[in-house]
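What follows is a short report on a single structure.
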2 protein chains.
Amino acid sequence: MQNTIGSLRRAPVNVVAGGVPELCAQCDARHIGLCDALHDDDLHFLASVAQQVSIEKGRGFVTEGDPARQFFNINHGTAKLFKDLPDGRRQITGFVGAGDFIGLAANATYMFGAEALEPVQLCSFDRAELRAVFARFPAIERRLLDVASHELIIAQEQMLLLGRKTAVERVASFLDGWGLRVASCQGGATRLDLPMTRNDLAEYLGLTVETISRALATLRKQGVVAVGADHVISILNPARLTAIGQAEG
Amino acid sequence: MQNTIGSLRRAPVNVVAGGVPELCAQCDARHIGLCDALHDDDLHFLASVAQQVSIEKGRGFVTEGDPARQFFNINHGTAKLFKDLPDGRRQITGFVGAGDFIGLAANATYMFGAEALEPVQLCSFDRAELRAVFARFPAIERRLLDVASHELIIAQEQMLLLGRKTAVERVASFLDGWGLRVASCQGGATRLDLPMTRNDLAEYLGLTVETISRALATLRKQGVVAVGADHVISILNPARLTAIGQAEG
DNA sequence: CGGCTATTTGAGTCTAGTCAAAGCCTGTGG
DNA sequence: CCACAGGCTTTGACTAGACTCAAATAGCCG
């Protein structure tokens with residue numbers, strides 16, 4: 001738990017509660033993601049091998065190259081997953097939120113890093129223990145395969161974006177996709193409250209901060225979005241946004 | 001089986017033999033990939049639900065958007081998987097060869113297209129039947145989860161490449177990675193016999209044909225590789241190639 | 001009210017894309 | 001066996017979209 005790899009350090013995690021089945025009762029992710037595949041008694045068993053953990057904003061909780069001893073399931077908050085090059089270039093491979101499972105992209109060691117964008121609460125599972133859970137509840141393993149399938153689809157979509165789309169198309173794709181995840185409407189326009197900075201966006205979309213800013217300006221001038229303060233973006237013309245993101249016009 | 005989606009058409013496939021257990025005896029993929037997870041008698045059962053199929057060079061055998069009724073396991077040959085944008089831009093998401101499993105990135109429909117780069121032989125499994133196999137042999141399902149995990153790692157590595165690496169770094173990464181897959185040595189130099197064209201390479205690496213050509217010229221001038229005829233590339237300085245591909249030099 | 005960071009905007013540069021043409025290979029057919 | 005057609009690859013010249021560097025602005029937090 002105190003492993004030091006490169007210049008990074010495994011973040012100390014704050015254990016709030018362990019082994020309590022009631023921890024699922026008010027979990028944001030209870031009815032999505034992995035846990036939704038379980039009946040109440042199965043969930044009880046799963047909870048018995050889970051450790052609930054809180055991670056403060058900005059804290060890294062997975063370091064690439066560290067031995068992959070644990071899986072995580074996010075209950076609350078958003079985190080970024082990323083891969084770095086030796087000279088500091090970073091590619092964010094995904095943003096994860098409530099219900100998302102972390103740790104599939106690992107063999108003996110984690111093949112990615114993870115850091116909280118907001119205060120994050122998650123359930124941590126020991127890999128060895130989870131294997132025992134699989135043996136008892138094949139439904140979980142099957143669900144995990146579905147999760148992996150879905151992540152593969154997302155990953156390939158992202159390859160298309162990174163390899164072939166223009167800056168404006170990338171930003172439109174992202175906003176469109178994020179809109180599907182967390183949508184709150186207000187006066188007809190969908191209002192996105194993004195947990196990430198422009199820099200995170202740039203590292204996710206294979207661009208620079210400046211290009212992100214200019215692309216948003218372009219979409220704003222076209223009346224597709226409105227850019228507000230504090231990472232708020234309103235989607236004024238959803239159909240147009242989708243079309244741009246999918247390179248249909 | 002005669003579905004027409006967009007302007008593409010499901011390729012007619014040539015059934016060579018069906019339901020014969022002996023078909024595994026001389027399969028290139030018998031001891032790699034999915035089938036390696038099985039004991040002989042389990043394999044016998046798996047073979048009973050497999051259809052062996054031959055696909056000619058250049059023929060597409062999966063169309064994005066078609067109902068995903070089948071999984072495939074490649075026995076021999078190489079194919080490309082890809083996603084297209086409406087205006088023709090294409091991103092190849094991966095090359096698959098003997099032992100590779102195709103079809104994980106699908107829900108109700110395939111989320112990618114596939115086309116043979118060389119004559120391909122594969123085993124085709126009906127999705128419903130494969131589910132029955134899972135129930136009987138959990139080992140296969142577990143192996144499939146490992147396969148999906150591994151593909152996720154590869155996909156994220158590719159995102160790093162597409163989002164953050166330069167043209168020369170991308171080409172070096174590719175040659176380095178391909179060298180690990182199929183390596184035949186000759187006079188100290190590893191000789192790669194690529195089944196894909198420069199255009200395929202470009203569509204895989206998020207570049208254009210011309211840029212691929214120039215990047216190869218750069219690596220050649222640096223004495224890292226030798227570029228021969230008929231898609232043959234010799235790796236003269238493997239260490240340097242790896243370093244360039246991982247942006248360490 | 002500052003101090004700090006994040007974001008936007010501007011000016012100039014550079015990497016990779018586009019357009020064009022020549023060279024090579026392959027495979028075919030005389 | 002050689003000539004030719006067609007596709008693939010390489011090279012050159014120019015362009016463009018995104019990056020870099022720099023500075024101004026805006027927002028957040030104590």
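A note on names: the letters A, B, ... follow the listed sequences, proteins ahead of strands, and every chain is numbered from 1.
- Look at B:His231 and you'll find a side-chain N or O under 4.0 angstrom from OP1 or OP2 of D:dT9.
- Residue A:Gly228 is the one, among B:Ala167 and A:Gly228, whose nearest nucleotide of DNA chain C lies closer to the 5' end (criterion: closest heavy atom).
- Put simply, the side chain of A:Arg214 and the base of C:dG10 share a donor and an acceptor less than 3.5 Å apart.
- With rounding to whole Å, B:Glu169 atom CD is found 14 Å from C:dA16 atom C1'.
- Atoms CD (A:Glu210) and C1' (D:dA23) sit 12 Å apart, rounded to a whole Å.
- Atoms CG (B:Asp230) and P (D:dT9) sit 10 Å apart, rounded to a whole Å.
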**Asked** Can A:Ser124 and A:Gln51 be said to form a side-chain hydrogen bond (donor to acceptor under 3.5 Å, both in side chains), step by step?
**Response** CA-CA 5 Å; A:Ser124 166; A:Gln51 285 248 320; over 6 Å; no

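- Nucleotide C:dT7 holds its P atom 9 Å from the CG atom of A:Leu201, rounded to whole Å.
- Comparing A:Val168 and A:Ala229 against DNA chain D, the residue whose closest nucleotide sits nearer the 5' end is A:Val168.
- Put simply, the side chain of B:Lys165 gets close to the backbone of B:Gly245: a donor and an acceptor are under 3.5 Å apart.
- A:Gln156 contributes no side-chain N or O that, together with a main-chain N or O of B:Phe112, makes up a donor-acceptor pair within less than 3.5 Å.
- Whole-Å rounding puts the A:Asn199 CG to D:dG27 P distance at 19 Å.
- Within 4.0 Å of B:Leu216, counting heavy atoms only, lies no atom of the nucleic acid at all.
- Counting heavy atoms of neighbouring residues, nucleotides and ligands inside a 6.0 Å radius, atom NE2 of B:His231 exceeds 12 of them.
- Between A:Thr208 and the phosphate of D:dC19, there is a side-chain N or O to OP1/OP2 separation shorter than 4.0 Å.
- Look at CG on B:Leu162: it is 13 Å from P on C:dA16, rounded to the nearest Å.
- Under a 4.0 Å N-O distance rule, the pair B:Arg59/B:Glu115 does not qualify as a salt bridge.
- Per the geometry, CG belonging to A:Leu205 stands 19 Å off P belonging to D:dG17, to the nearest Å.
- Contact annotation for B:Arg220: backbone-only contact, meaning every heavy-atom pair under 4.0 Å involves sugar-phosphate atoms and none involves a base.
- Across all strands, A:Thr197 comes closer than 4.0 Å only to sugar-phosphate atoms, never to a base (heavy-atom distances).
- In this entry the distance linking NZ of B:Lys57 with P of C:dT26 reads 11 Å, nearest Å.
- In the set D:dC19, C:dT26, D:dT11, the nucleotide with an atom closest to the side chain of B:Ser213 is D:dT11.
- The side chain of B:Thr211 lies closest to C:dA16, out of D:dT9, C:dT8, C:dA16.
- If you check every strand for non-hydrogen atoms under 4.0 Å, B:Val227 touches sugar and phosphate atoms only.
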